[in-house]
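Notes follow the structure.
One-based numbering, in listed order, for ligands and for the atoms of each. These numbers come from the heavy atoms of this one structure, side chains and all, not from hydrogens, waters or symmetry mates.
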Amino acid sequence: MAAYSEHSLHIIHCDLDAFYAAVEQHDEPALRGKPVIVGGSADSRGVVSTCSYEARKFGVRSAMPIAQARRLCPQGIFLPVRMKRYLEVSQQVFGILSTYSPLMEPLSIDEAFLDVSGTEKLFGAPVEIGKKIKYRVKTELGVTISVGISYNKFLAKLASELDKPDGLFVIPHDKALKILYPLPVTRLWGVGEKARQDLEQLGLKKIGDIQDLPEGWLSARLGSSGQHYWELARGIDRRSVEINEKRKSLGRETTFAEDIDDIPVLKSTLALFSAELCRKLRRDKLYCSTVTLKLRYNSFKTVTRSRTIAPSHADMVIGQVADELLYKSYTGNHPIRLIGLSLGRLLPVPDWEQGGLFEEAYKYEEIDRIMDQIRQRFGSRVIQRGNQLNT
Ligand code: TTP
Ligand code: MG
């Protein structure tokens with residue numbers, strides 16, 4: 001935007017506080033102020049998804065085994081994951097955020113970037129927008145959200161982290177280097193355990209250690225990621241907020257050569273579509289959280305039916321939902337001309353997700369991964385599931 005300089009504060013990052021636990025505390029007032037720990041169900045692999053800030057005082061953290069959380073916080077209230085409900089709240093939050101700018105980029109189930117350059121005349125300065133968002137999320141949805149504001153994505157994201165919970169924090173250009181200086185290198189967006197070790201081997205522990213290096217020193221040792229870390233350490237991030245239309249949904253449909261009323265054939269077609277679409281999701285590291293079936297009868301009447309699911313990209317999970325939608329929609333009375341399947345509300349697979357947070361999908365993930373590898377080596381038709389064989 002012409003009126004905006006490189007360092008104007010136009011990026012807002014929003015991240016809900018203790019998201020799943022906050023929803024539980026909202027829905028059940030007796031849980032408020034208590035150490036609430038949300039983990040898998042009884043038969044889960046037993047890790048903490050998240051916990052309320054009351055439980056964090058005891059040292060409980062995301063991804064910690066439930067057994068360890070129990071030892072640290074025996075008085076904790078342990079609850080199963082209610083993914084459907086969190087998705088509903090997530091959608092409502094994104095709904096509120098998108099009223100402040102058409103340029104909204106969801107990053108995970110509970111965080112998003114907004115680029116508000118250009119909406120200032122309508123809604124006020126970025127800080128005012130931040131305050132409005134916080135107020136509306138709190139009053140309309142009963143949970144708190146932390147807001148970070150800066151002149152680029154990395155610093156806006158960092159700003160929201162630095163003032164949690166219920167924060168509103170601004171990182172202006174003239175303060176960025178100073179704020180970054182004492183922080184550990186893991187605060188750089190994208191620096192995980194492996195990169196932390198690489199940096200430590202070079203004697204770099206805090207962001208300031210990287211700031212002090214001449215440009216070129218780190219890239220000579222770590223290649224392009226070295227350059228990237230050096231830029232972040234100096235508050236430079238050129239990535240823009242992307243709506244990314246192609247992330248919104250993914251679909252596949254076919255018109256049959258002859259009208260079909262044979263349910264096994266319809267089922268196999270859907271199984272084939274699920275497999276194809278899920279493979280694309282896995283390739284792009286995305287989950288979907290809605291599944292929509294479309295049927296067109298030989299009378300040209302068209303029906304669609306959708307379902308919201310826990311985020312998944314497992315063939316078996318999506319295929320099963322597609323089957324259920326088919327059973328609900330199709331009476332078998334009229335032959336089908338066209339069938340389609342589309343997967344919507346796509347979410348990036350979060351960094352911390354290792355092998356499947358969302359329980360149902362987990363069992364199938366390994367099988368899908370192996371099938372993807374085989375198809376990549378030997379061609380896409382070389383291996384299929386039994387349920388695709390009628391097509
Ligand atoms: P986060 O935003 O990382 O965590 P949070 O919202 O619970 O807490 P914070 O106030 O620090 O932002 O993740 C959002 C949700 O994603 C979280 O509520 C539960 C889920 N999640 C997991 O299931 N496993 C994990 O390891 C993490 C980090 C998050
Ligand atoms: Mg959060």
field: For Phe19, atoms of ligand 1 separated by under 4.0 Å from a heavy atom
entry: 5 (P), 6 (O), 7 (O), 18 (O)
task: Could you tell me which N, O or S atom of Asp110 is nearest to the Mg ion (ligand 2)?
output: OD2
task: Could you check which N/O/S atom of Asp15 is closest to the Mg ion (ligand 2)?
output: OD1
- line: For Lys164, the ligand 1 atoms with a heavy-atom partner under 4.0 Å come out as 9 (P), 10 (O), 11 (O), 12 (O)
- prompt: Distance under 6.0 Å and angle within 45° of the ring axis: does Arg70 meet both against Phe78?
  reply: yes
Atom indices of ligand 1 within 4.0 angstrom of Ser62 heavy atoms, with elements: 25 (C), 26 (O), 27 (C), 28 (C)
field: Which of the ligand 1 atoms, numbered from 1, are nearer than 4.0 Å to a heavy atom of Asp15
entry: 2 (O), 12 (O)
- prompt: Just checking, is any N or O donor in the side chain of Asp15 or Ser160 under 3.5 Å from an acceptor N or O on the other one?
  reply: no
field: Tyr53: numbered ligand 1 atoms lying under 4.0 Å from its heavy atoms
entry: 9 (P), 10 (O), 11 (O)
- request: Please check if the distance between the ring centroids of Phe113 and Trp189 is under 6.0 Å.
  value: yes
Per-atom contacts of ligand 1 with Leu16, taking only distances under 4.0 Å to non-hydrogen atoms: 6 (O), 9 (P), 10 (O), 12 (O)
message: Using a 3.5 Å cut-off on N or O atoms only, is Ala18 in polar contact with ligand 1?
response: yes
message: If I take every N, O or S atom of Phe19, is at least one of them less than 2.8 Å from the Mg ion (ligand 2)?
response: no
task: Classify the contact between Arg56 and ligand 1 as side chain, backbone, both or neither, using a heavy-atom distance cut-off of under 4.0 Å.
output: side chain
